[in-house]
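Just so it is clear, the model here is predicted, and its values are computed rather than measured. Counting begins at 1 with the first residue of the sequence.
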Amino acid sequence: MRRARPLGNLGLHRVGPVQVMSIKRFAVALALAWGLVGLAHAAPLEAYGRLPAIDAATLSPSGAQLAVIVTDGERRSVAVQDLATKAAKARVDFGEVPLGGVRWVGEGHLLIYTSVEFDPGDVTGGTQSWRRAHLFDIETSKLTPLMSDGALGMNKIFFDPMVRTVGGRPIVFLQGMEFVNRHGALALFQVDLATGRTRVVEPAEEGTRRWLVDIDGRPIAQERYLAKSKRSELKIKDGKGWRVIHATEGAGVRARIVALGRDGRSVIYATGEPVTGTTWNEARTDGAPSAPPVAVPAH
């Protein structure tokens, strides 16, 4: 059997043919057990087109468990299998709600993303794509929608959740909207895995567009755009606090957060535009020399 190969940083894996057959059998077994497919002695040919399909599969950090999104084309479920025993450990049904993906948080939890078209009513902009994160406890099969306890903000999440392992424990950070002077801006939240409740780690400031958390679970970078002054800022946080490392006024090209650096304690940010070419830069927070800038050709 070929080893699974990781696809990017979302935990998805490309699997070999033997594994694919095993996963397909698992999906069909789940569908039969949980009612995704009806049983009949003489099913019409079109019924075979409704057999369950796997939209996504992801291994747990240890490789001992497999989570899959199973669909019959209309309804969707997320299920977890123990790969050693082939036993189904947990599942949750989402009906016709579209699923955007799953991500492991340690061995005991999954983050499950949903996305629906929704008009929040009291917020300008009309109908928009509303992305939510749900915490799924593997042991209890309990599903907890996240950001539901935000008194002043909204339960929509922005960007992918950030998962960090600190002291051997996984920690989840979310970016959600709060209102500053009646305008939306992003705040940084941390999830309590035991309760599913969130707390503010960094409150929203005027114009905040994005946050980044380092490998140790500390906020390390922030993007802002101040509409009145048309000023864009990229700030990083070191031992002395927050400081601006790149700023532009008016139509100047703003800096955009790309990712953490190789050791998880620096920030990679881009300047320029993808259609004309960008430059990737490193900003360190520990006083060590930054890597030389890298030019990225236009695409």
Side-chain angles (χ1 to χ4, degrees), residues 115 117-132 147 150-162 173-190 198 200-214 218-261 265-285 290-299:
S115 182
E117 295 299 309
F118 177 67
D119 185 349
D122 54 352
V123 178
T124 59
T127 301
Q128 54 188 279
S129 179
W130 203 264
R131 191 175 187 226
R132 295 207 61 186
M147 301 291 290
L152 301 177
M154 301 191 301
N155 56 26
K156 177 181 179 180
I157 66 166
F158 295 77
F159 303 102
D160 287 334
M162 292 172 280
F173 296 91
L174 304 175
Q175 298 174 76
M177 186 173 289
E178 292 184 326
F179 293 93
V180 180
N181 298 326
R182 301 181 64 182
H183 293 280
L186 293 191
L188 182 65
F189 298 84
Q190 181 177 327
T198 54
V200 176
V201 177
E202 290 282 352
E205 298 179 11
E206 182 182 357
T208 304
R209 288 186 166 187
R210 192 170 185 178
W211 298 91
L212 185 65
V213 176
D214 72 8
R218 296 182 295 236
I220 190 177
Q222 176 200 50
E223 284 183 34
R224 295 179 70 198
Y225 176 72
L226 306 176
K228 290 183 179 180
S229 61
K230 297 182 179 179
R231 175 182 171 88
S232 297
E233 296 180 345
L234 176 62
K235 299 197 294 185
I236 65 170
K237 189 176 186 179
D238 55 22
K240 298 180 180 180
W242 289 100
R243 60 184 174 90
V244 176
I245 61 168
H246 189 281
T248 57
E249 305 281 351
V253 176
R254 68 182 180 92
R256 302 178 304 278
I257 294 172
V258 175
L260 290 176
R265 296 181 176 87
S266 66
V267 179
I268 305 299
Y269 66 96
T271 55
E273 296 296 337
V275 294
T276 58
T278 59
T279 300
W280 286 21
N281 311 269
E282 182 183 39
R284 298 203 61 87
T285 61
S290 297
V294 176
V296 180
H299 62 277

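Proximity of a side-chain donor or acceptor of E178 to a complementary backbone N or O of A187 within less than 3.5 Å is not detected. Without hydrogens or angle criteria, W280 side chain to V296 main chain gives no donor-acceptor distance under 3.5 Å. Between the side chain of T285 and the backbone N or O of R265 there is at least one donor-acceptor pair closer than 3.5 Å.
Here the shortest heavy-atom pairing between I257 and A221 reads CD1-CB, 3.9 Å. A283 and I236 get closest at one heavy-atom pair: CB-CD1, 4.1 Å. Here the closest non-hydrogen pair linking A185 and G207 is CB-N, 4.1 Å. Taking every heavy atom of both residues into account, L260 and I220 meet most closely at CD2-CG2, 4.1 Å. Annotation for L186 and Q175: closest pair CD1-OE1, 4.1 Å, computed over non-hydrogen atoms. Residues P293 and N281 come closest through the heavy atom pair CB-OD1, 3.7 Å.
Between D160 and R131 there is a side-chain heavy-atom pair separated by less than 4.5 Å. The shortest side-chain heavy-atom distance between Q222 and E233 does not fall under the 4.5 Å cut-off. Under the 4.5 Å side-chain criterion, counting only non-hydrogen atoms from C-beta, K156 is not in contact with M147. By the 4.5 Å heavy-atom criterion applied to side chains, Y269 and E282 are not counted as neighbours. Inter-residue side-chain proximity for R218 and K237 is flagged as unmet; no heavy-atom pair is nearer than 4.5 Å. In this structure the side chain of T208 never reaches within 4.5 angstrom of the side chain of E202, judged on heavy atoms.
With sequence neighbours excluded, the residues forming a side-chain contact (heavy atoms from CB on, under 4.5 Å) with V201 are F173, L188, Q190, R199, P219, listed by chain and number. Residues passing the salt bridge (Lys or Arg N to Asp or Glu O under 4.0 Å) test with E206: none are found, sequence neighbours excluded.
Once rounded to the nearest 0.5 Å, the distance linking OG1 of T271 with CG of L234 reads 10.5 Å. Rounding to the nearest 0.5 Å places CZ of F158 at 14.5 Å from CH2 of W211.
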May I have the list of side-chain donor-acceptor pairs in residues 240-255 shorter than 3.5 Å, sequence neighbours left out?
{"unit_1": "R243", "atom_1": "NE", "unit_2": "D238", "atom_2": "OD2", "d": "2.8"}
{"unit_1": "E249", "atom_1": "OE2", "unit_2": "R231", "atom_2": "NH1", "d": "2.8"}
{"unit_1": "R254", "atom_1": "NH1", "unit_2": "E223", "atom_2": "OE1", "d": "2.9"}

